[in-house]
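Below: one structure, written as structure tokens.
Hydrogens, waters and symmetry mates play no part in the numbers below; they use all other heavy atoms, side chains included. What you are looking at is a predicted structure, and each value in this text was computed from that prediction instead of being measured.
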Amino acid sequence: MSEPQLNKDFVLRKVCGVNVVLPAGLQVKDFGGALVLNDTGALIYEQLEAGKTAEEAAAALVAAYDVKHETALADVQETINSLREAGVVA
């Protein structure tokens, strides 16, 4: 499977302390809402935004939250799948 690519028509912002993925450009009309991410999801999003691989994003989770690599990688894959279903990841 190829590495996930973020759809550039979405942006991650912190609004009142909440991590929110918002549509931009043409997606504003079609998306009709926003996605709320917890801090783990936001870290994964930021890693993908920086061009990191799923493995690299998992390593960032291990460093930030002191979890096992397997757990972190499963969380990364689950987040990527959710973002893909929403159209945020290609």
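- In this structure, Val36 is a member of the same hydrophobic cluster as Val11, with clusters built from ILVMFWY side-chain heavy atoms closer than 4.5 Å.
- In plain terms, the two heavy atoms of Arg84 and Ala90 that are nearest each other are NH2-O, 3.3 Å.
- Qualifying side chain to side chain contact (heavy atoms under 4.5 Å, CB included) partners for Thr71, counting only residues two or more places apart in sequence or in other chains: Lys68, Asp75.
- Val21 and Val89 fall within a single hydrophobic cluster, where Ile, Leu, Val, Met, Phe, Trp and Tyr are joined by side-chain heavy atoms under 4.5 Å apart, directly or via other members.
- Between Glu46 and Leu43, some side-chain heavy-atom pair lies under the 4.5 Å cut-off.
- Distance check: Tyr45 OH to Thr79 OG1 gives 13.0 Å after rounding to the nearest 0.5 Å.
- Residues Leu35 and Val20 are not in side-chain contact: their nearest non-hydrogen atoms beyond the backbone lie 4.5 Å or more apart.
- Grouping Ile, Leu, Val, Met, Phe, Trp and Tyr residues whose side-chain heavy atoms lie under 4.5 Å apart, directly or via other members, leaves Leu73 alone, with no other cluster members.
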Do any side-chain atoms of residues 12-19 form donor-acceptor pairs under 3.5 angstrom with protein atoms, and if so which ones, sequence neighbours left out?
| from | atom 1 | to | atom 2 | distance (Å) |
| --- | --- | --- | --- | --- |
| Lys14 | NZ | Asn19 | OD1 | 3.2 |
| Asn19 | ND2 | Leu37 | O | 3.3 |
| Asn19 | ND2 | Asp39 | OD1 | 2.9 |

Acceptor/donor pairs from residues 48-67 side chains to any protein atom, 3.5 angstrom cut, sequence neighbours excluded:
| from | atom 1 | to | atom 2 | distance (Å) |
| --- | --- | --- | --- | --- |
| Thr53 | OG1 | Glu55 | N | 3.4 |
| Thr53 | OG1 | Glu56 | N | 3.1 |
| Thr53 | OG1 | Glu56 | OE1 | 3.3 |
| Glu55 | OE1 | His69 | NE2 | 3.1 |
| Glu56 | OE1 | Thr53 | N | 2.7 |

